[in-house]
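One structure is given here, and the rest of the page talks about it.
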Amino acid sequence: MIKKLKELRLSTWLLRIPIVIIFIQQGLSKFPVTLEDAQAFDLPYIVWWFVAYGELGAGIGLVVGGLVIWNKLWPWVGDIITRFSGFTIGCIMTGVIWVGQPDSLMDVILYDNLHVLLWVGGLFFALRGNENE
C-alpha cells in the first residue's frame with residue numbers, strides 16, 4: 001500500500017494543487033489584459049501581458065507536468081514542464097515581491113508570507129521537477 005502511494009507521488013500533489021489553484025485564479029483575474037491594469041501597478045504593458053499569461057501557463061504547466069509523468073515513454077517531458085513552470089512561478093513571485101517595494105528582506109519574510117510561500121513552492125518544483133521521492 002505504501003509503495004503504491006509512493007509510486008503515485010501523492011505528496012507532490014498536496015503542494016501542486018494549491019499552487020495551481022492560486023496561479024490559475026490570479027492569471028484568469030487579469031483577463032482581459034489591459035494597459036490600464038498595467039499602469040495601475042506602474043508596469044509596462046508587455047510585462048503585464050507576460051505576468052497574466054505566465055501565471056495561467058505556470059498553473060496549467062504544473063498540472064500537465066504532473067500528469068505527463070505517467071507516460072512511461074517520455075518521463076523527461078513532464079519533468080521539463082514541471083521545472084519550467086516552477087521557474088516561471090519563481091520569476092513572477094520575485095517580481096510581485098519587488099513591485100511591493102519592501103523596506104528590507106526581513107519585512108518580506110515576516111509580513112509577506114503568501115508570496116514567500118509561493119516563491120518557495122515554485123523554487124521547489126524548479127529544482128526538483130518530477131524526480132522520484
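The structure places CG of Asn113 at 10.5 Å from NE2 of His115, a figure rounded to the nearest 0.5 Å. Separating the CE atom in Met93 from the CH2 atom in Trp98 is a distance of 15.0 Å, to the nearest 0.5 Å. To the nearest 0.5 Å, the span separating CG on Leu110 from OG on Ser104 amounts to 8.0 Å. The CG atom of Asp107 sits 12.0 Å away from the CD1 atom of Ile97 when rounded to the nearest 0.5 Å.
Side-chain atoms of Asn130 never come within 3.5 Å of backbone atoms of Thr82 as a donor-acceptor pair (strictly under, hydrogens ignored).
At least one side-chain heavy atom of Leu118 sits less than 4.5 Å from a side-chain heavy atom of Ile19.
A 6.0 Å sphere centred on OH of Tyr111 holds no more than 12 heavy atoms belonging to other residues, nucleotides or ligands. Other residues, nucleotides and ligands place no more than 12 heavy atoms under 6.0 Å from the CZ atom of Phe87. For Asp42, the CG atom sits in a loose shell: 12 or fewer heavy atoms of surrounding residues, nucleotides or ligands are nearer than 6.0 Å.
Tracing side-chain contacts under 4.5 Å through hydrophobic residues (I, L, V, M, F, W, Y), one reaches Leu15 starting from Leu62; they form part of the same cluster. In the hydrophobic cluster analysis, where Ile, Leu, Val, Met, Phe, Trp and Tyr join through side-chain heavy atoms closer than 4.5 angstrom, Leu117 is grouped apart from Phe124. Using a 4.5 Å cut-off between side-chain heavy atoms of Ile, Leu, Val, Met, Phe, Trp and Tyr, with links allowed through other members, Ile109 and Leu123 fall into different hydrophobic clusters. Val116 is connected to Val96 through a chain of hydrophobic side-chain contacts under 4.5 Å among Ile, Leu, Val, Met, Phe, Trp and Tyr, so both are in one cluster. Under the 4.5 Å side-chain contact rule for hydrophobic residues, Leu114 and Val99 share a cluster.
Nearest heavy-atom pair across Gly57 and Ser85 is O-OG, 4.4 Å. Across all non-hydrogen atoms, the minimal contact from Pro18 to Trp13 is CD-O, 4.3 Å.
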**OP:** Apply side chain to side chain contact (heavy atoms under 4.5 Å, CB included) to Ile92 and Glu55, showing your working.
**Re:** CA-CA 8 Å; Ile92 289 171; Glu55 286 177 345; 3.8 Å; yes
**OP:** Please report the C-alpha distance between Leu28 and Leu56 in whole Å, then the side-chain angles of each, then the deciding distance to 0.1 Å, and finally whether the side chain to side chain contact (heavy atoms under 4.5 Å, CB included) criterion is met.
**Re:** CA-CA 7 Å; Leu28 288 175; Leu56 188 59; 3.9 Å; yes
Subject >> Trace of the side chain to side chain contact (heavy atoms under 4.5 Å, CB included) decision for Phe125 with Ile89 >> reply: CA-CA 9 Å; Phe125 286 112; Ile89 289 169; 5.9 Å; no
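Of the listed residues (Phe23, Phe31, Trp48), just one forms a ring pair (Phe, Tyr, Trp, His ring centres under 6.0 Å) with Tyr53, and that residue is Phe31.
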